[in-house]
Amino acid sequence: MSTPNTDTANNAAAPAPSDFIREIVAQHVAEARYPQIHTRFPPEPNGYLHIGHAKSICLNFGIAREFGGVCNLRMDDTNPTKEDIEYVESIQADVSWLIAGWADKHLGLKAASEPFFASDYFDQIYEFAIMLIKKGKAFVCDMTPDQTDDYRRNAKESPFRNRSVEENLDLFTRMKAGEFPDGKCVLRARIDVAAPNIWLRDPLLYRIRHAEHHHTGAKWCIYPMYDFAHCLSDYLEGITHSICTLEFEVHRPLYDWILASLDLPRTLPHQYEFARLSLSYTIMSKRKLMELVTEKLVTGWDDPRLPTISGIRRRGVTPEALRAFAYHIGITKYNGVTDVAVLEHAIREDLNARAQRRLAVLRPIKVVLTNYPEGQTEQLSAINNPQDEAGGTRQIPFTRELWIEREDFAEVPPPKFFRLKPGGEVRLKYAYIIKCEEVVKDAAGNITELRCTADLDSKTGGATSARKVKGTIHWASAAHAIDAEVRLYDRLFTEAEPEKDGRDFKTVLNPHSLEVITAKCEPSLRDATPDARYQFERLAYFALDKDSAPGKPIFNRTITLKDAWAKEAQKA
RNA sequence: UGCCCGAUGGUGUAACGGUAGCACAGCAGACUCUGAAUCUGUUUGUCAUGGUUCAAAUCCAUGUCGGGCAACCA
């Protein structure tokens with residue numbers, strides 16, 4: 001079984017998530033309001049998806065999955081100047097990675113592996129605009145952006161508001177034909193310039209943009225605004241529940257007005273809003289993430305320190321862990337900051353169940369067992385995963401000269417130090433109990449080697465193997481260990497709220513967010529695979545990085561193990 | 001300033017007029033050939049003031065605080 005039973009997001013027996021939106025949907029299902037529940041996930045392809053999008057994906061696809069519905073993946077691509085095909089492709093990859101084996105049966109696509117595009121509806125949206133004009137509900141306005149702004153602020157009618165239908169039709173047609181330069185005029189809804197809600201004060205529907213579009217090419221020089229395109233795209237796709245974040249709450253009356261004004265024959269979609277995700281020690285704005293990427297403060301959109309889905313994936317987090325996280329944080333209308341510890345817990349819980357245990361020494365110090373025969377190699381049996389009885393065992397070579405972790409030895413041990421110290425004993429995992437007899441130093445006083453003796457009967461399974469020693473440490477045979485590059489990642493920011501009180505997030509970047517070292521690993525790690533997850537015992541979880549080459553493994557530290565000793569040591 | 005939304009332990013969330021619960025974090029202990037995992041115990045909470053009611057976290061009013069919107073972005 002590769003699916004751990006701790007995966008609440010994946011476990012059919014686990015209680016289904018419940019929140020105010022799902023309650024509404026359940027109510028609609030109970031009263032059979034719609035033939036089928038239909039949601040959508042509509043990212044704009046102007047950047048990479050991040051963990052906040054993951055929350056939305058889990059919500060929208062989760063609802064489709066739980067209520068036997070469909071969730072469309074739709075590119076909300078109405079602004080050609082900011083969007084790019086690179087983002088379309090990354091979004092597709094991230095979504096399919098996150099929902100694979102979970103909700104992929106509920107993914108609505110235009111065609112095989114083809115997502116929906118709002119830009120595919122430009123013809124229809126244009127026709128809807130014509131309809132609005134004919135109903136006297138839209139007009140072409142020639143005011144400048146500044147004027148428009150001023151008039152809307154002061155609830156004044158545009159001087160062009162009462163143009164005739166014929167004139168509006170003519171002007172709008174010529175806008176489409178490319179007769180006007182960018183900014184010359186716009187199409188506006190004719191609603192109520194004095195409405196308390198700004199979005200009802202004759203909002204813009206179309207603007208002129210002589211720009212190549214990544215999906216429609218040079219076909220258009222006018223593009224619909226979000227508010228006009230989004231509700232109509234939802235309608236055209238038969239969406240029933242259009243779920244978005246809180247900042248669109250004030251747009252809802254406009255969403256409803258447009259659909260109602262068109263006298264559309266089919267059932268109309270409705271918009272529901274929830275709070276976007278904020279995570280401590282993290283920034284979530286696409287614009288700011290892009291800043292980190294373009295200024296090379298990180299290595300790319302998939303830098304494992306970033307909260308992007310691709311970064312999280314590269315770091316070694318599984319989709320199950322991300323879904324479990326989304327399940328645990330819930331859905332509300334309250335704008336809070338989720339403790340990143342909740343994410344970390346979800347990751348550890350998932351990895352604990354699935355990771356292969358391995359012995360690797362990150363910061364080595366040499367140990368020589370003076371009473372162990374030179375040239376002898378023993379193969380010792382080690383358990384692959386104590387959480388999984390079917391995980392089996394492997395062999396690890398043991399010899400007279402070993403590497404142990406520098407942190408596992410203290411010449412002057414602090415209180416409650418259970419590890420190796422002069423004259424003290426410690427167990428080498430799966431091997432012998434050893435005793436430190438001598439500390440060898442170089443001229444500068446640095447420790448270069450520990451000379452120890454082994455209790456040769458204390459091997460796991462041996463005569464004195466039941467002897468109790470307080471500490472057990474990991475190790476690697478010096479003659480057999482393989483070198484591996486290990487990338488130790490830490491939080492990107494030193495402050496829980498990087499932008500608190502308007503501070504520039506780049507002033508609180510963690511200078512130690514990445515440390516690259518060479519580790520001494522047990523030889524089986526030579527055969528590490530990209531899909532596997534590893535726990536270097538007593539240290540952390542790791543996954544193979546895509547930069548690895550045959551014979552040159554590179555491991556990313558996904559997350560450390562909890563470390564009670566680090567806390568204890570800090571108290572001193 | 002106008003309009004909209006929100007407020008439950010440190011953090012996130014549940015309780016749908018009837019015993020304030022869960023998770024994470026914290027603390028203490030047990031166990032341990034991973035100071036992990038697991039197990040046990042435990043600290044901490046309904047923004048304020050009125051009102052309705054036998055009974056209010058829940059309904060109403062006012063206030064306070066927080067967030068959002070006021071782009072030819074989404």
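Lettering follows sequence order; numbering is per chain, from 1.
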Rounded to the nearest angstrom, tell me the gap between atom [atom1] in [X] and atom [atom2] in [N].
{"X": "A/Tyr334", "N": "B/G12", "atom1": "OH", "atom2": "C1'", "value": "9 Å"}
{"X": "A/Asp563", "N": "B/A37", "atom1": "CG", "atom2": "P", "value": "10 Å"}
{"X": "A/Ile559", "N": "B/C24", "atom1": "CD1", "atom2": "C1'", "value": "13 Å"}
{"X": "A/Lys156", "N": "B/G2", "atom1": "NZ", "atom2": "P", "value": "21 Å"}
{"X": "A/Arg557", "N": "B/A36", "atom1": "CZ", "atom2": "C1'", "value": "15 Å"}
{"X": "A/Glu344", "N": "B/G12", "atom1": "CD", "atom2": "C1'", "value": "15 Å"}
{"X": "A/Arg22", "N": "B/U13", "atom1": "CZ", "atom2": "P", "value": "14 Å"}
{"X": "A/Asn154", "N": "B/U1", "atom1": "CG", "atom2": "C1'", "value": "12 Å"}

* **Results of side chain to side chain donor-acceptor pair (under 3.5 Å) for A/Gln395 - residues two or more places apart only** => none
* Within a reach of under 6.0 Å around CZ of A/Arg394, are more than 12 heavy atoms found that belong to other residues, nucleotides or ligands? -> yes
* Structure fact -> Its contact letters, B for base, S for sugar-phosphate only and - for none at protein heavy atoms under 4.0 Å, make nucleotides 68-74 of chain B read BSSSBSB
* **Nearest atoms (heavy-atom pairs only) where A/Leu539 meets A/Ala360** => CD1-O, 3.4 Å
* Classify the nucleic acid contact of A/Tyr432 as base, sugar-phosphate or nothing, counting any heavy atom under 4.0 Å across all strands shown. => nothing
* Lys/Arg cation over aromatic A/Trp199: A/Arg252, 6.0 Å, 45° cone -> no
* To do: Keeping to residues at least two apart or across chains, list the side chain to side chain donor-acceptor pair (under 3.5 Å) pairs with something in residues 187-197 of chain A.
  => A/Asn162-A/Arg190
Residues in ring-ring contact (aromatic ring centres under 6.0 Å, His included) with [X], at least two apart?
{"X": "A/Tyr255", "answer": "none"}
{"X": "A/Tyr534", "answer": "none"}
{"X": "A/His215", "answer": "A/Phe117"}
{"X": "A/Tyr223", "answer": "A/Phe122, A/His213"}

Using the [atom1] atoms only, state how far [M] lies from [N], rounded to an integer number of Å.
{"N": "B/A14", "M": "B/U19", "atom1": "C1'", "answer": "15 Å"}
{"N": "B/A23", "M": "B/U8", "atom1": "C1'", "answer": "15 Å"}
{"N": "B/G17", "M": "B/G51", "atom1": "P", "answer": "23 Å"}
{"N": "B/C33", "M": "B/A28", "atom1": "P", "answer": "23 Å"}
{"N": "B/C69", "M": "B/A36", "atom1": "C1'", "answer": "48 Å"}

* Range-with-range stems of RNA chain B (Watson-Crick or G-U pairs under 3.5 Å, three or more in a row) -> B:1-7 with B:64-70, B:10-13 with B:21-24, B:26-30 with B:38-42, B:47-51 with B:59-63
Between the protein and nucleotides 29-34 of chain B, list the N/O to N/O atom pairs that are separated by less than 3.5 angstrom.
unit_1	atom_1	unit_2	atom_2	d
B/C33	OP1	A/Lys468	NZ	3.3
B/C33	O4'	A/Thr472	OG1	3.1
B/C33	O2	A/Tyr430	N	2.9
B/C33	N3	A/Arg427	NH1	3.4
B/C33	N3	A/Thr460	OG1	2.5
B/C33	N4	A/Arg427	NH1	3.1
B/C33	N4	A/Thr460	N	3.0
B/C33	N4	A/Thr460	OG1	2.3
B/U34	O5'	A/Lys429	NZ	3.4
B/U34	N1	A/Glu537	OE1	3.3
B/U34	O2	A/Gln535	OE1	2.9
B/U34	O2	A/Arg538	N	3.0
B/U34	N3	A/Gln535	OE1	2.7
B/U34	O4	A/Arg357	NH1	2.4

Might you list the N or O atoms of the protein lying below 3.5 Å from N or O atoms in nucleotides 25-27 of chain B, with each pair's distance?
unit_1	atom_1	unit_2	atom_2	d
B/G26	OP1	A/Lys567	NZ	2.4

* Structure fact -> Per nearest nucleotide of RNA chain B, the residue lying toward the 5' end, A/Ile473 or A/Thr338, is A/Thr338
Pull out every protein N or O sitting under 3.5 Å from an N or O of nucleotides 60-63 of chain B, one pair per line with the distance.
none

Identify all pairs in which a protein N or O lies below 3.5 Å from an N or O of nucleotides 14-17 of chain B, and state each distance.
unit_1	atom_1	unit_2	atom_2	d
B/C16	N4	A/Glu23	OE1	3.2
B/C16	N4	A/Glu23	OE2	2.3

* Would you indicate whether the side-chain heavy atoms of A/Val140 and A/Val186 approach each other to under 4.5 Å? => no
* Pick from A/Trp475, A/Tyr541, A/Phe542: which one makes a ring pair (Phe, Tyr, Trp, His ring centres under 6.0 Å) with A/Phe536? -> A/Phe542
